[in-house]
Each structure stands twice: as C-alpha cells, then as structure tokens.
2 protein chains.
Amino acid sequence: MTNLFHDSADMQLIPTLAQTKRQIERYGLDVDAQAVLVAARLMTAGAKLGNAADIHFARFGLSTGRYRLLADLEDNEGEELPSQLAENLGVTRATVTGLIDILERDGLVSRRSSSIDGRQKSVLLTELGAKKLRDMASEHFARLETMVGSLTIEERTLFLDLLGRVTRGISALTDE
Amino acid sequence: MTNLFHDSADMQLIPTLAQTKRQIERYGLDVDAQAVLVAARLMTAGAKLGNAADIHFARFGLSTGRYRLLADLEDNEGEELPSQLAENLGVTRATVTGLIDILERDGLVSRRSSSIDGRQKSVLLTELGAKKLRDMASEHFARLETMVGSLTIEERTLFLDLLGRVTRGISALTDE
DNA sequence: ACTATATAGTTAGGTACCATACTATATCTA
DNA sequence: TAGATATAGTATGGTACCTAACTATATAGT
C-alpha cells in the first residue's frame with residue numbers, strides 16, 4: 001500500500017493548531033502554541049520532504065545521501081577523502097562508508113589507497129558517475145524549483161533566514 | 001563516535017549558496033539558486049531536527065513516532081483505531097503496527113478487539129501512558145519553545161505560512 | 001446465498017541513517 | 001626508539017519508516 005496521504009495538500013496540517021492548543025491547555029502550561037507548531041510541523045515537513053526526495057532520487061538509481069555525496073565530489077574536482085565527505089555532508093564516517101559501498105558497486109565512484117598516508121583511501125568520481133550527474137541535472141533542478149515555486153524571490157530569502165535561526169535552536173532539544 | 005557537527009551552528013550552511021551556484025552554472029541551467037537552497041536546507045534541517053527529536057524523546061523512553069502516537073491518542077479520548085492513527089500521524093498502517101507493538105510491550109497502550117467489526121482492534125491509552133505524557137509535558141514543551149525562541153511571534157506565523165506553502169509543493173518531486 | 005471485492009491489521013523484507021567498537025596506520029612524547 | 005595516543009576507514013548492530021504481500025473479516029453484486 002502506498003501512503004498517498006503524504007502527497008495530499010493537507011500534509012501541512014499535522015499537527016493542527018487546535019490540537020496543539022488543547023495539548024498545552026490540558027496541562028496548564030504557559031507556552032506559545034505557534035512555537036510548538038513551528039517545531040512540530042518542521043519535523044513533519046522535513047520527514048516528508050526526505051521521503052519524497054528519496055522517491056525522486058530513486059528515479060536515477062540513487063538515494064538522497066548518495067546523490068549528495070556525488071554532488072559534493074563533483075564540487076571538489078572529483079576526488080575527496082571519506083572523512084572530508086562526512087564533514088561536508090554532515091553525516092558520520094560510518095554512513096559515508098555505506099554510501100561509498102553502494103556507489104562503488106554501481107560504478108559511480110572508485111576507491112584509491114593513498115601512497116602518502118596508508119590509512120587514507122580517497123574516493124574518486126568515475127566518468128559514469130559524472131555522466132549520471134549531468135544526465136539528471138536538468139530534471140532534478142527543475143523539480144526543486146517547481147517545489148519552491150509558490151514563494152517569491154524575497155520570500156525565499158526570508159524563509160532561509162528564519163529556517164537558519166530555527167535550525168540553530170535545535171540544540172535546545174539535545175542540550176544538558 | 002558522536003557526530004558533533006550536527007549540533008554546531010554551521011549546520012544551516014549545508015549546502016552553501018556558493019556550492020549551489022557552482023552546481024547550477026556547471027550545467028548552464030536557468031534556475032534560482034535560492035529556490036534550490038530552500039529545498040536542500042529544508043531537507044537538511046528536517047533530518048537534523050528529526051534526529052535531535054529522537055534524542056530528546058529517548059530521555060523519556062520514547063521515539064518521535066511513539067510520542068506522536070500517544071499524544072494523538074490522548075487527543076482522542078484515549079482510544080483510536082490503528083487506521084485512524086495512521087491517517088492522523090501521516091504514516092502507514094504498517095508503521096503504526098510497529099509503534100503499537102513497542103508501546104504495548106512497555107505498557108503505555110493496550111489493544112482491544114472490537115465486538116462490532118471483527119477486523120478492528122482499537123488501541124487504548126493506559127494509565128501508565130497518560131502518566132508518561134503528564135510527566136514529560138513541562139520539559140517537552142519548554143524545550144520546543146526554547147528551540148523556536150529566536151523567532152518573534154509574528155515571525156512564527158510567517159514561518160508557518162511559508163513552510164506550509166513549500167510543503168504543498170513537495171509533490172513536485174514525486175509527480176508523474 | 002455465493003462469489004467477488006474491499007478493508008483492517010499484521011508480517012516480511014528493504015533502505016537509510018546512526019552510535020559504538022574495531023583494525024590499521026601515523027604521530028607525539030619521553 | 002619504544003610506548004601511548006590520535007586518526008582513517010570499516011564492521012556490527014540498532015531504530016525508524018517504507019512497500020508489498022498475507023490473513024481474516026465485512027460488504028456488494030448477481
């Protein structure tokens with residue numbers, strides 16, 4: 001069964017403002033319901049977007065993580081160390097190992113041991129990998145632009161500012 | 001190893017504007033780099049928030065999905081059908097089954113077969129489950145509010161509007 | 001009433017990512 | 001230069017969620 005609900009226009013309504021207000025009032029807390037909604041809906045939106053992105057990238061035989069790795073490689077002259085990739089992508093080295101395993105199996109990247117430092121194994125973008133990026137670029141970016149199409153140029157800048165500030169606040173969840 | 005990078009203030013900078021511009025120019029595409037950034041950073045932010053939320057909920061022996069299920073149950077007089085829960089949470093029934101399995105094992109919910117429709121098995125919030133929600137409410141909401149604290153009241157409303165519009169556009173990734 | 005179809009929930013198997021722990025190599029310290 | 005420590009990459013095992021297929025029950029068509 002496919003979860004068609006994800007694609008519906010009502011997705012943004014999870015959770016609802018009324019629901020959030022009831023929850024806050026139930027315990028008599030002094031909290032701004034809009035603030036809670038921002039947190040909750042950003043979580044929902046992020047999850048749904050992550051999901052949709054994986055469906056999108058699956059068209060090209062990739063996942064979100066594998067695409068991002070290829071793109072970062074392309075942005076660094078086609079060669080990087082796994083540890084650099086991990087830092088650039090904001091994931092762990094262990095995750096990068098897994099991504100490379102599949103990309104190498106599919107012939108999109110290759111590994112090469114360093115002659116300078118025996119611990120290092122740099123990752124190279126193959127011609128096939130570069131071709132994959134070239135072939136998908138047009139459709140990929142067109143879809144992203146369509147997705148954000150309902151925002152004006154000014155609203156996009158504004159959204160990035162607000163998103164950045166909320167993002168910096170995420171540590172409030174994990175602190176202490 | 002813990003991926004401390006996730007907690008850093010630079011998290012929002014993945015990917016960078018310069019990176020995105022290079023990528024678009026490489027293929028000579030006519031796309032707004034800000035639009036691409038909105039998509040890419042929302043994905044990053046959502047993933048990181050989801051991660052942080054799981055760390056947050058783990059303090060209380062819950063995951064994000066299990067908390068949302070309990071909260072939805074509480075908002076529906078403590079009793080719901082798995083299919084209703086799936087719709088309310090925006091996940092599949094299969095996922096709900098898995099969430100209930102663990103919540104039932106931990107004594108926070110229980111299952112009860114319907115006498116009206118033999119296929120249905122409603123889910124009930126137990127007293128222990130209700131207590132869990134009561135006990136965590138204060139800290140939970142306080143953290144959420146702190147997270148969004150850098151946005152003014154007006155900005156929160158604005159952000160929700162913009163986020164909602166981008167969210168509705170997500171189908172552009174999966175269409176056709 | 002009997003067959004076909006739809007629905008509720010579960011099971012099975014897959015992907016993505018994480019944290020932890022391990023191996024091999026390099027570097028610092030004394 | 002020997003031993004301690006740090007670093008690079010990988011293996012292992014776990015969570016969350018998904019899709020697809022399955023079982024049991026209910027409903028509709030003839």
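Order of the sequence lines fixes the chain letters, A, B, ..., with proteins taken first and strands second; residue numbering starts at 1 for each chain.
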Using the side-chain heavy atoms of [X], tell me which of these nucleotides is nearest: [options].
X	options	result
A:Thr92	C:dA19, C:dG9, D:dA16	C:dA19
B:Leu99	C:dT7, D:dC17, D:dG9	D:dC17
B:Lys121	C:dT25, C:dG9, D:dA11	C:dG9
B:Leu81	C:dT25, D:dT25, C:dG9	C:dG9
B:Gln120	C:dG9, D:dA26, C:dA19	C:dG9
A:Ala94	C:dC17, D:dT10, D:dA24	D:dT10

Open item on the list: Please confirm whether the shortest side-chain N or O distance from B:Arg111 to OP1 or OP2 of C:dA8 is below 4.0 Å.
Closed with: no
Open item on the list: Whether A:Thr97 contacts D:dG9 is assessed here as follows: a side-chain N or O lying under 4.0 Å from the phosphate OP1 or OP2. Is that the case?
Closed with: no
Nucleotide [N], atom [atom2] - distance to [atom1] of [X] in whole Å:
X	N	atom1	atom2	result
A:Asp101	D:dT10	CG	C1'	8 Å
A:Glu104	D:dT10	CD	P	9 Å
A:Glu87	D:dG9	CD	C1'	16 Å
A:Asn51	D:dA16	CG	C1'	11 Å
A:Arg119	D:dA8	CZ	P	6 Å
B:Met43	C:dA16	CE	P	14 Å
A:Leu103	C:dT15	CG	C1'	14 Å
B:Ile116	D:dA24	CD1	P	22 Å

Taking the basic N atoms (NZ, or NE/NH1/NH2) and the acidic carboxylate oxygens, is any pair closer than 4.0 Å for [X] and [Y]?
X	Y	answer
A:Asp32	A:Lys21	no
A:Asp175	B:Arg143	no
B:Asp161	B:Arg165	yes
B:Arg68	B:Asp72	no

Open item on the list: Just verifying a value: how many Å separate A:Leu108 CG and A:Leu124 CG, rounded to the nearest 0.5 Å?
Closed with: 13.0 Å
Task: B:Glu87 CD to B:Glu80 CD distance, which is reported to the nearest 0.5 Å - done: 10.0 Å
Task: Base D:dG9 to side chain A:Arg93, donor-acceptor N/O within 3.5 Å cut-off - done: yes
Open item on the list: With a 3.5 Å limit on both atom pairs, tell me what D:dT19 is paired to, counting Watson-Crick and G-U wobble, or say none.
Closed with: C:dA12
Task: Among A:Arg22, A:Gln23, A:Arg26, the one residue meeting side chain to side chain donor-acceptor pair (under 3.5 Å) with B:Glu74 - done: A:Arg26
Task: Of A:Gly118 and A:Val96, the one whose closest DNA chain C nucleotide lies more 5' - done: A:Val96
TODO: Would you mind telling me which residue lines up with the more 5' stretch of DNA chain C, A:Asp54 or B:Ile55, judged by nearest nucleotide?
DONE: A:Asp54
Task: Worked verdict on B:Asn88 versus B:Asn76 for side-chain contact (heavy atoms from CB on, under 4.5 Å) - done: CA-CA 11 Å; B:Asn88 291 346; B:Asn76 285 273; 4.2 Å; yes
Open item on the list: Need one value for A:Ser83: base, sugar-phosphate or nothing, where a base atom within 4.0 Å counts as base even if backbone is also close, heavy atoms only.
Closed with: sugar-phosphate
Open item on the list: Using a 4.0 Å cut-off on heavy atoms, which residues in residues 60-73 of chain B reach DNA chain D? List them by number, or say none.
Closed with: B:Ser63, B:Gly65, B:Arg66
